[in-house]
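Data block below; observations after.
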Amino acid sequence: FFIIETQTSLADMRAAVLAARSTNLPVFVTITVDKNGQTATGGTLLPIMITLQSMGVDAIGLNCSFGPEDMTEFINDIAQHSRVPIIAKPNAGLPSHYNGGNGYLSPDEFSYRMESLMEAGATIIGGCCGTTPEHIAALRGMLQNRQDDFYHSETEDIDDYAAAIESESFFLSDHLTYSEPIECSVSLGDDFIDLDDERSNVALVEINSMDDALLLAEYGHMSRLPIAVRAESLPILDAALRYFQGRLLIDSECCIEPEALDTIAAKYGAIVY
């Protein structure tokens with residue numbers, strides 16, 4: 001399998017996932033965030049997870065970042081929206097800084113604190129910086145003793161009907177109302193900001209050229225609403241979905257065969273509506 005780890009950019013993650021999926025091997029992705037839950041490019045865990053699991057990753061989670069206790073709240077936040085196994089690989093600190101508490105964690109301390117991550121929803125666990133073979137052995141011992149104690153909800157109850165940009169998720173209602181079509185231009189960001197969200201709950205953007213696809217990728221992060229795209233050309237639609245860093249909707253009224261729309265939506269994790 002592939003594990004794409006210590007990731008800080010959704011663009012990099014999506015590119016790697018698209019490449020890895022061409023092999024038909026399982027793909028795991030783990031992300032690194034700061035104490036505020038943000039990546040180096042300003043992304044946050046939930047919209048990144050929603051985007052990547054819609055693209056078909058087999059497991060997703062966090063690695064490095066910080067220790068088990070600080071990681072638990074983030075795992076808990078995504079558990080109710082994840083349809084794939086959640087990975088948790090915190091660090092154990094640096095042995096030279098051992099002082100108990102928030103310092104270096106011994107193997108027994110590390111495995112004990114990992115129990116909270118399992119209770120929060122992590123089902124694939126390990127370690128990152130500072131962990132040794134002894135830490136992994138302690139984790140194995142903990143799992144052998146307590147594996148039956150952990151409960152995880154069924155995926156039928158998971159809420160992942162959402163669009164996303166790198167920094168925000170937009171959970172969708174059953175009734176979506178598109179805005180008037182927005183043309184792509186250098187003022188696209190202002191058009192998103194000025195959109196009247198009392199009359200519509202989805203921003204509909206017309207994509208007529210490769211330049212339009214690039215403009216959407218550049219300004220899409222400014223939208224306060226989920227974004228749907230309308231294109232009459234399959235290659236242009238492919239470009240829009242490829243360049244946009246998030247999860248888009250596709251207008252089902254595009255003059256493209258429904259079977260082709262479904263295929264391209266599955267490739268990029270988009271929603272046809």
Side-chain angles (χ1 to χ4, degrees), residues 2-22 26-66 71 74-75 77-79 81-89 128 158-172 188-189 192 202-203 205 207 212-229 237-250 264-271:
F2 289 96
I3 181 160
I4 303 162
E5 69 171 4
T6 323
Q7 293 296 298
T8 61
S9 162
L10 181 56
D12 291 347
M13 290 180 242
R14 292 181 71 248
V17 168
L18 286 170
R21 283 185 57 205
S22 67
V27 183
F28 294 3
V29 181
T30 55
I31 302 155
T32 294
V33 296
D34 62 20
K35 291 294 181 71
N36 296 317
Q38 290 189 320
T39 68
T41 56
T44 51
L45 182 59
L46 181 58
I48 291 174
M49 185 207 73
I50 286 172
T51 299
L52 296 181
Q53 77 175 5
S54 73
M55 294 177 67
V57 299
D58 297 279
I60 192 166
L62 289 170
N63 82 289
C64 199
S65 303
F66 22 65
M71 188 174 284
F74 297 108
I75 297 299
D77 288 343
I78 65 172
H81 304 292
S82 178
R83 291 190 176 276
V84 298
I86 296 175
I87 305 168
K89 295 171 57 182
C128 198
I158 296 299
D159 180 10
D160 66 343
Y161 186 51
I165 56 177
E166 188 166 6
S167 59
E168 187 172 355
S169 306
F170 303 99
F171 287 90
L172 306 174
L188 182 59
F192 281 138
V202 178
V205 180
I207 308 293
D212 287 353
L214 291 170
L215 284 168
L216 177 62
E218 182 176 356
Y219 294 107
H221 70 280
M222 299 178 70
S223 180
R224 299 174 302 171
L225 295 176
I227 300 172
V229 291
L237 178 59
D238 184 276
L241 296 173
R242 179 180 292 271
Y243 298 148
F244 185 84
Q245 302 311 322
R247 190 184 193 193
L248 291 169
L249 290 92
I250 302 173
I264 199 169
K267 177 180 180 180
Y268 293 106
I271 300 170

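None of the values given here were measured: they were computed from a predicted structure.
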Please name the pair of heavy atoms, one in T8 and one in T41, separated by the smallest distance, quoted to 0.1 Å. O-OG1, 2.9 Å

Any side-chain to backbone donor/acceptor pair from R83 onto Q53? Under 3.5 Å, distance only. no

Would you indicate whether the side-chain heavy atoms of V29 and M55 approach each other to under 4.5 Å? no

Once rounded to the nearest 0.5 Å, what's the spacing between atom CZ of F66 and atom CE of M71? 5.5 Å

CD1 (I271) and OH (Y161) are apart, to the nearest 0.5 Å, by 5.5 Å

Is there side-chain contact between L52 and V17, with heavy atoms separated by less than 4.5 Å? yes

Exercise: identify the closest heavy-atom pair between F171 and I50: CZ-CD1, 3.8 Å

At their closest point, which heavy atom of I207 faces which heavy atom of L216, and how far apart are they? CD1-CD2, 4.0 Å

Could you measure the distance from the OH atom of Y268 to the CG atom of L18? Nearest 0.5 Å is fine. 6.0 Å

Between OH on residue Y219 and CG on residue L214, distance to nearest 0.5 Å: 11.5 Å

Hey, does I264 have a side-chain heavy atom less than 4.5 Å from the side chain of D238? yes

Sub-3.5 Å donor-acceptor pair from the side chain of S65 to the main-chain atoms of V33, do we have one? yes

Check: N36 side chain, Q38 main-chain N or O, donor-acceptor pair, under 3.5 Å: no

To the nearest 0.5 Å, tell me how far L188 CG sits from I227 CD1. 7.5 Å

Calculate, to the nearest 0.5 Å, the distance between atoms CZ and CZ belonging to R247 and R14 respectively. 11.5 Å

Only one of T44, I86, I78, V84 passes side chain to side chain contact (heavy atoms under 4.5 Å, CB included) with M49, and that residue is I78

Is there a donor-acceptor pair closer than 3.5 Å between any side-chain N or O of S22 and the backbone N or O of A19? yes

In the structure I gave you, are the side-chain heavy atoms of L249 and L172 within less than 4.5 Å of one another anywhere? yes

Do M13 and I31 have side-chain heavy atoms sitting under 4.5 Å apart? yes

Are L10 and I165 side-chain neighbours, meaning at least one heavy-atom pair lies under 4.5 Å? no

Please name all residues satisfying ring-ring contact (aromatic ring centres under 6.0 Å, His included) with H221, sequence neighbours left out, ordered by chain then number. none

Do side-chain atoms of Q7 reach the backbone of E5 as a donor and acceptor pair under 3.5 angstrom? yes

Shortest non-hydrogen contact from A270 toward L241: CB-CD2, 4.0 Å

Looking at A88, is its backbone amide N or carbonyl O close enough to the side chain of T30 to form a donor-acceptor pair, meaning the two atoms are under 3.5 Å apart? no

Under the 3.5 angstrom rule, does the side chain of D160 hit a backbone N or O of H81 as a donor-acceptor pair? no

Locate the shortest heavy-atom distance separating N63 from T6; write the atom from each residue and the value. OD1-N, 2.8 Å

Side chains of R242 and K267, heavy atoms from C-beta outward: is any pair under 4.5 Å? yes

Taking all atoms of both residues into account, what is the closest heavy-atom pair of G220 and F244, and its distance? CA-CE1, 3.9 Å

